[in-house]
Amino acid sequence: MSAAGTARRLSRTDGRREAPVRIIHLGLGNFFRAHAAWYTEHAPDADDWGIAAFTGRSPSAAESLTAQDGLYTLLVRGPEGPEPEVVSSLSAVHAGADLAALRDYFSRPEVVVVTLTVTEAGYRRNTDGGLDLDDAGVRADLAALAADPVAGHVTTTPGRLVAGLLARRASGAGGIAIVPNDNVPDNGAMVARVLADLVGAVDPSLRPWVDEHVSFVTTMVDRITPRTTDADRAEVLSLRHVDDPEVVPTEPFSEWVLAGSFPGGRPEWDAVGARFVDDVAPFEQRKLWLLNGSHSLMAYAASILGHETVSEAIADPQVRQWVEEWWDAASPHLSLPEGDVTAYRKALLERYSNANIRHLLAQIAADGSQKVPIRAVPVIRAELADGEASLGALRLVSAWVAHLRGAGAAVTDTQSDAVVELAAGSVDDAVTRVLKWLSLDPAVVGDVVRDQVRELEGLESTS
Ligand code: CS2
């Protein structure tokens with residue numbers, strides 16, 4: 001009989017726990033299932049902490065996960081081979097549009113933590129970092145909540161959070177912690193600001209209630225988690241005879257650093273490796289600059305050389321040299337001890353070289369408009385403050401310009417119209433416009449960036 005013939009589906013009938021819901025999660029993607037859901041699964045008090053997760057725009061994961069009682073297989077792909085593990089911390093899974101369920105959870109006193117993984121673009125910020133009140137989705141949510149705070153239909157993350165908080169205030173339930181798990185600097189303060197902007201526009205009387213009852217936790221999150229492929233599903237089928245459409249592939253490495261308070265408590269995530277610190281900034285910079293910065297550099301520059309994945313890219317001496325030059329530029333500006341930074345770089349090379357993880361450069365290339373400003377610009381600014389910007393630091397911006405002009409991975413960006421337009425026309429004009437958009441002075445760094453864009457565009461025609 002074939003493997004498929006003997007395959008079973010996952011279900012809780014095999015005795016797996018189903019903890020009471022005490023955590024709400026918005027943005028049920030692969031990363032959350034490999035990261036916060038995994039920490040919750042392994043916390044010693046996991047029996048008390050179930051998660052009710054809401055999908056993003058597409059409800060299909062809710063249907064598919066609900067059909068297997070919220071269970072899914074995490075396929076940990078180490079260099080030695082895959083290790084499947086069934087995760088059971090999702091007690092309920094809902095479509096993002098199920099606002100009745102969202103409001104209901106928010107109004108329960110025992111639900112005390114809200115985690116978010118909605119990507120950088122999900123917070124709907126303007127270039128100043130506040131809520132983009134011109135965004136069509138934000139405008140619609142504002143109108144819906146102003147007209148009907150109890151049942152208004154909202155779609156954006158800020159809108160859904162405010163809808164939930166209005167329900168919580170009305171129910172009299174107590175304090176709650178909001179924990180953003182996206183790669184944005186100072187993400188706790190960022191969410192607090194975006195929410196305050198929406199609350200101010202919808203119902204200013206909610207502001208003092210938020211100040212008193214809502215804690216915004218700042219985090220650094222890390223676990224390389226590509227999209228699921230048919231090969232991942234086939235592997236679980238052959239290893240476990242389980243037919244799981246919801247397999248999540250991930251790497252063995254995982255890190256979570258948090259700062260902030262949890263007024264209603266939290267799982268013992270610290271017992272399974274999460275670190276609680278006073279200040280996340282040094283960890284967040286180390287990760288955002290060294291990991292995410294080099295990821296973006298490879299996504300734009302290495303895809304021009306014809307590479308498809310991170311492991312292929314890092315095996316190319318040319319790409320490795322670009323990555324090392326980027327790290328050499330960023331490292332002196334980090335506040336962690338030099339030894340820690342050296343060890344982190346070495347570990348990154350090992351993680352990137354893990355060929356069992358097929359992490360597509362095209363996936364990382366997405367939404368550069370949200371990523372390049374926070375991954376590249378702070379390093380360039382730090383260098384400029386000390387003298388001049390290096391070739392190694394500027395190459396990330398140059399590669400993004402070349403990418404927007406059609407070289408390497410295709411452009412997928414929530415702001416693609418605007419940023420592709422910036423980079424159109426002659427290289428000279430394109431570089432001037434993109435640098436200004438990044439608030440970098442073309443008179444200071446323009447010449448180097450122009451040369452690098454031409455060089456990178458030349459590489460594409462020869463690769
Ligand atoms: C990547 C991240 O897609 C991207 O932009 O740089 O998703 C990266 O894989 C994670 O932050 C790793 O923790």
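Atoms within a ligand are numbered from 1 in the order they appear, just like the ligands themselves.
A donor-acceptor contact shorter than 3.5 Å links the side chain of E460 to the backbone of G408.
Under a 4.0 angstrom heavy-atom cut-off, H35 registers as lying outside contact with ligand 1. The closest approach between E255 and ligand 1 stays at or above 4.0 Å for every heavy atom of the residue.
Of the N and O atoms on the side chains of H359 and E308, not one donor lies less than 3.5 Å from an acceptor on the other residue. Between the side chains of T115 and N181, not a single donor N or O lies within less than 3.5 Å of an accepting N or O.
Taking 4.5 Å as the limit, some side-chain heavy atom of W289 sits within range of a side-chain heavy atom of H333.
At least one N or O atom of N183, backbone or side chain, sits closer than 3.5 Å to an N or O atom of ligand 1. Distances between N or O atoms of R375 and those of ligand 1 include at least one value under 3.5 Å.
Listed by atom number, the atoms of ligand 1 under 4.0 Å from H359 heavy atoms are 9 (O). Near N292, meaning under 4.0 Å from any of its heavy atoms, are these atoms of ligand 1: 1 (C), 2 (C), 6 (O), 8 (C), 10 (C), 11 (O). Residue-ligand proximity, K287 to ligand 1, at heavy-atom distances under 4.0 Å covers atoms 10 (C), 11 (O), 12 (C), 13 (O).
Atom-to-atom distance recorded for R275:CZ and M220:CE is 8.0 Å, nearest 0.5 angstrom.
The closest non-hydrogen atom to atom 1 (C) of ligand 1, taken over E120, E251, H295, comes from H295. Evaluated by nearest non-hydrogen atom to atom 13 (O) of ligand 1, the leading choice among L291, D367, I224, D222 is D222.
With a 6.0 Å cutoff to the six-membered ring centre and a 45° limit on the axis angle, R286 counts as a cation-pi contact of Y344. At least one cation-pi condition fails for R266 and W49: the charged atom is not both under 6.0 angstrom from the six-membered ring centre and inside a 45 degree cone around its axis.
At a 4.0 Å heavy-atom cut-off, ligand 1 touches K371 through the side chain alone.
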